[in-house]
Student: 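Below are the C-alpha cells for one structure; questions will follow.
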Amino acid sequence: MSVEKLDLSSPIAFDSAEERNAAIAFFNAAYRAEESGLRQAHELADEVARTDPGLAECLRLYGDEEGWHRGILREFLEWLGGCVRPMGRTTRTFYALYGRAKRMESIVLVNLMFETIGSTTYRLALRRATHPAVRQMLTILTRDESFHVPLNVHFLRSALARCPEVSRARLRALYYGTFAALVASTIPSRRRAEPFDRIRGEVLARAYRVELARLFLEEEDLGLAPSPLFLKLFGLDRAKLLGRGPSAVSLEAAERSADRADVVVEAY
Ligand SMILES: [Fe+2]
Ligand SMILES: [Fe+2]
C-alpha cells in the first residue's frame, strides 16, 4: 500500500458537466463503501481480539486496506474536480440500516455481497474507461475488492464456527433480501452514474444477478445456494451459472488474487 501511488499527473477533460458530475457521484459511492467497510472490519476485529487474535489481525489488515482505498479515493475525487459529498437520502438510510447489524455473520455476508457488486461495477466500468488515471483507480479497486469477496467468505465461515447455532434460515433470508435490494439499487445508480461509466441499466442488473447468484452455488457447507425457484424469478439457471467457471469465492479465485503483483485485472 505504501509504494503504490496514483499517477494523477495528467489532467482529465470531460465532454460535459453532466459527465463530470456522474464521475464524482460514481467515486463518492465507492468512497462511502470503503468508509463503511473500514469501520465494520475494525469493529469486528475488536470484538474477536480476545478470543481469536489471528482472525482479529486479518480483519484489521482488511479494514486497513479499505482505509487505504478511502484515502486514495479522496485524492482522486479532488483530481476529478469534486470532493466527498454528503450522502443522499437513500444511501444514508441504507448504511444506517446496515450499521445496525450486530451479528458478525450478518455483517460479513452483507459485506461480501457489497464487495461482489463493487468489483463487478468496477470491472464493467473498465470496459469504457480510457484515461490512464481512471483505469489505474478502477484496476486497484477491482483487484482488491475481488480478493475481499473470498476473504469475507473466510470470515463468514469463521463466524459460523464460533457460533454454530446461527439460524441458516435467517442468513438465507438476509441473502435473498440483500440480493433483491442490490439488484434494485441499479435503478438510482444509473440515474447518477451512467453518463460517466456508460454501463446500461439492464447490463448492470444482469451482471449483479449473475455474480450474486453464483456466490454460494458450490459452497454446500454454508447452505446459502439459491433455490431453483429464486433463480427462476431472477431469470437465471443453475447449470448455466455453473458453466461460467469457478465462482468468486472459490479457493481457486482466492489463490489467483493472493499476490496482488500477479493479479491480471480484466474488464467484465
Ligand atoms: Fe475497498
Ligand atoms: Fe473491499
Side-chain angles (χ1 to χ4, degrees), residues 1-6 23-45 55-77 80 84 87 91 94-95 98-99 101 104-126 129 133-159 178 182 185 189 193 197 207-208 211-212 214-215 247-250 253-261 263 265 268:
M1 287 188 263
S2 61
V3 293
E4 196 166 8
K5 302 269 183 263
L6 284 179
I24 294 168
F26 181 99
F27 289 102
N28 257 280
Y31 181 92
R32 294 300 178 187
E34 303 299 350
E35 187 173 62
S36 155
L38 160 67
R39 189 175 48 79
Q40 300 272 29
H42 283 181
E43 280 175 13
L44 288 174
L55 178 61
E57 189 188 359
C58 195
L59 280 158
R60 194 161 296 285
L61 288 169
Y62 160 56
D64 289 350
E65 187 159 273
E66 302 297 32
W68 174 59
H69 290 163
R70 187 183 60 165
I72 56 176
L73 275 165
R74 186 183 279 275
E75 200 184 323
F76 190 77
L77 278 164
L80 285 175
V84 177
M87 277 188 266
T91 323
F94 204 67
Y95 282 116
Y98 178 43
M104 179 167 175
E105 69 281 358
S106 310
I107 294 171
V108 297
L109 174 61
V110 175
N111 246 353
L112 85 88
M113 295 178 77
F114 267 63
E115 304 279 13
T116 304
I117 63 150
S119 50
T120 304
T121 315
Y122 303 141
R123 216 181 275 281
L124 276 164
L126 266 173
V134 175
R135 294 195 64 82
Q136 188 193 6
M137 187 74 244
L138 289 170
T139 302
I140 291 175
L141 294 175
T142 308
R143 178 197 66 195
D144 297 346
E145 308 311 352
S146 302
F147 181 60
H148 292 170
V149 179
L151 182 63
N152 271 282
V153 176
H154 167 67
F155 295 147
L156 180 59
R157 286 205 167 92
S158 311
T178 311
L182 291 175
S185 76
S189 119
D197 62 31
Y208 281 14
E211 295 311 318
L212 291 170
R214 285 174 70 202
L215 282 174
S247 89
V249 308
S250 61
E255 276 173 351
R256 262 205 313 267
S257 4
D259 186 345
R260 55 162 60 147
V263 176
V265 173
Y268 192 86

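Atoms within a ligand are numbered from 1 in the order they appear, just like the ligands themselves.
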Student: Report yes or no: does Arg74 contribute a side-chain atom to a donor-acceptor pair with the main-chain N or O of Val84 at less than 3.5 Å?
Tutor: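 It does not hold such a pair.
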
Student: Below 2.8 Å, which protein N, O or S atoms neighbour the Fe ion (ligand 1), ignoring water?
Tutor: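 Only Glu34 OE1, Glu34 OE2, Glu66 OE1, His69 ND1, Glu145 OE2 fall inside 2.8 Å of the Fe ion (ligand 1).
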
Student: Quick check for you: to the nearest 0.5 Å, what is the distance between Gln136 atom CD and Leu6 atom CG?
Tutor: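 Separation between the atoms: 5.0 Å.
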
Student: Can you tell me if His42 uses its side chain to pair, donor with acceptor, with the backbone of Arg60 under 3.5 Å?
Tutor: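 Yes, His42 side chain to Arg60 backbone: donor-acceptor pair under 3.5 Å.
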
Student: Yes or no on side chain to side chain contact (heavy atoms under 4.5 Å, CB included) for Leu124 and Tyr208, after CA distance, side-chain angles and deciding distance?
Tutor: CA-CA 11 Å; Leu124 276 164; Tyr208 281 14; 5.6 Å; no

Student: Only counting residues at least two apart or in another chain, list the ones meeting ring pair (Phe, Tyr, Trp, His ring centres under 6.0 Å) with Phe76.
Tutor: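 Counting only residues at least two positions away or on another chain, Phe76 forms a ring pair (Phe, Tyr, Trp, His ring centres under 6.0 Å) with Phe27, Trp79.
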
Student: Evaluate the ring planes of Phe155 and Tyr62, with Trp represented by its six-membered ring, and classify them as parallel (under 30°), tilted (30 to 60°) or perpendicular (over 60°).
Tutor: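 Ring orientation of Phe155 relative to Tyr62: tilted.
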
